[in-house]
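Counting begins at 1 with the first residue of the sequence. On a predicted model such as this, the values are computed, not experimentally measured, just so you know.
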Amino acid sequence: MSVKKSFSIFVIIVVLSIVGVLFCSIDASTFDMLEDANPALLACAAALVVLMWLLDAFKFMSLARAAGERLTLRRTLSVIWINYFGSAITPMQSGGGPFQVYLLYRYGVSVGKSVAITLVRTLQVLFLLAMVVPFSMIADPDILERYSYLRWYACYVVVFIGACAFLLVVSIARPRWMKRWVNAVLVWVNKIGLLKSKYLLRVARWINREISSYNDNIKLFTSTGKAWFALSALFAAAHLITYMSIMPCLILAAGFSVNYLQCILAESLLLFMLYFIPTPGASGAAEGGAVAVFGLFVPWSVAGVMAVTWRLLSEYTGIAIGTCIILRMLGWGGADKVLSEDNTKKADTANESK
């Protein structure tokens, strides 16, 4: 599917979602309740978006320095915004990476380092999001009693954090273990007939090569770039806190009181789940989920309007800027080429395993 078609699907789903959300939530009392909205707090919410972009850029620049590369703020902001576009047009927000790698390569960063930087950036976000849930529950243990469904989700998050942390540590400290485990899995896959014997050695060599390349680049963050990596983690935490503060700021701007901790917890659940939604840019689910979260803290009649406003500030503005950058630098054809090259690599790997 072409980038232009994927972007069109994203826009169509977003428009339909917004119309559906507003149609199901707005009533006669909506505008009466919004008349007293605080313009200063609305401006504060917009300022948080700008601060969010800057903190994300500083995080990216710190990761680049940890890998031995220097990026200017102007170039890094382009990398940040182009990620919004790539994430919007692909399922589970997976398309931002290839565009970031392409742009970093144009700025003189090697492909290996670019992949390591973008991978670590994504992992930082996922780990921090996952950690918000248990830490918030420790700070407010009664929330498990009020929202019983969170118990199961908390267990899932804890398991996810533990498994990913274990694999990440092993991949850095003991890459040979990873290779052995992968080779054992390949042998098992071969025995049950999912991988032909003539491809077994080729696939094993390719995966071992990729593990070695990944390990060499990741080690930069834990050796010569430790200080910069630690700084990037601080920027990542500040960026996430700023991002999640937009929602409670909008609630306050509309004249409603809100428990900041509860709002952050509910929002973290939504943001974490959006990484696994198969629609382009998690569209549809993001708008509907935002309405559900806002509905916990404000009347339903204004939850839809506030959800759309939140998505407009936190995501749609970045996507719009990223789209302008893509069209100016690559055009639709160039964007197709970037994604097709990434998909070709994945397809080649999949074909070899058949």
Taken to the nearest 0.5 Å, the spacing of Ser17 OG from Phe10 CZ works out to 9.5 Å
Between Trp53 and Tyr84, is a side chain to side chain contact (heavy atoms under 4.5 Å, CB included) present by the stated rule, with each step listed? CA-CA 11 Å; Trp53 291 338; Tyr84 279 92; 3.4 Å; yes
Got a sec: does the CH2 of Trp188 have more than 12 other heavy atoms crowding it under 6.0 Å? no
Does the side chain of Met247 reach to within under 4.5 Å of the side chain of Met306, using non-hydrogen atoms? no
Cys249 and Ala45 have their tightest heavy-atom pair at SG-N, 3.7 Å
Which pair of non-hydrogen atoms, one from Leu73 and one from Ala57, has the smallest distance, and what is that distance? CD1-CB, 3.7 Å
How far apart are the closest heavy atoms of Ile319 and Ala88, and which atoms are they? CD1-CB, 3.7 Å
Is there a side-chain contact between Glu267 and Pro248, using heavy atoms and a 4.5 Å cut-off? yes
Would you call the rings of Phe58 and Phe235 parallel, tilted or perpendicular, where under 30° means parallel and over 60° means perpendicular? tilted
Would a single hydrophobic cluster contain both Ile18 and Leu16, if residues Ile, Leu, Val, Met, Phe, Trp and Tyr are joined by side-chain heavy-atom contacts under 4.5 Å? no
Would you list the pairs meeting side chain to side chain donor-acceptor pair (under 3.5 Å) in which at least one residue belongs to residues 228-247, sequence neighbours left out? Gln124-Ser232, Tyr243-Glu315, Ser245-Tyr260
Listed partners of Phe60 passing side-chain contact (heavy atoms from CB on, under 4.5 Å), at least two apart: Leu71, Thr76, Val79, Ile80, Gln100, Leu104, Ile117, Thr118, Arg121
Would you say Ile192 ends up clustered with Val185 if hydrophobic residues are merged whenever their side chains have heavy atoms under 4.5 Å apart, either directly or through other cluster members? yes
For Ala204 and Leu186 the tightest heavy-atom approach is CA-CD1, 3.7 Å
Should Arg328 and Thr323 count as side-chain neighbours, where that means a heavy-atom distance under 4.5 Å? no
With the 4.5 Å side-chain cut-off for hydrophobic clustering, are Met178 and Leu201 part of the same group? no
Can you give the donor-acceptor pairs under 3.5 Å from side chains of residues 289-303 to other protein atoms, not counting sequence neighbours?
from: Trp300; atom 1: NE1; to: Cys24; atom 2: O; distance (Å): 3.2
from: Ser301; atom 1: OG; to: Ser29; atom 2: OG; distance (Å): 3.4

At what distance, to the nearest 0.5 angstrom, does CZ of Arg174 lie from CZ of Arg180? 10.0 Å
With a 3.5 Å distance limit and no angle check, can you tell me whether Gln262 reaches the backbone of Asn259 through a side-chain donor-acceptor pair? no
Separation between CG (Asn38) and CG (Leu250), nearest 0.5 Å, reads 11.5 Å
When you group the ILVMFWY residues by side-chain heavy-atom contacts below 4.5 Å and let the links chain together, are Ile12 and Phe7 in the same group? no
Drop me the distance from Arg75's CZ to Arg106's CZ, to the nearest 0.5 angstrom. 9.5 Å
Is Leu240 linked to Leu234 within one hydrophobic cluster, defined over Ile, Leu, Val, Met, Phe, Trp and Tyr using a side-chain heavy-atom separation of less than 4.5 Å? no
Quick one: are Val120 and Phe229 in side-chain contact, heavy atoms under 4.5 Å? yes
So which heavy atom on Ser314 is nearest to which on Met52, and how close? O-CE, 3.9 Å
For Val14 and Tyr316 the tightest heavy-atom approach is CG1-OH, 3.3 Å
What's the spacing between Leu312 CG and Thr317 OG1 if we round to 0.5 Å? 6.5 Å
Note, Leu103 side chain near Ser78 side chain (heavy atom, < 4.5 Å): yes
Can you tell me how far CD1 of Ile325 sits from CG of Leu77, rounded to the nearest 0.5 angstrom? 8.5 Å
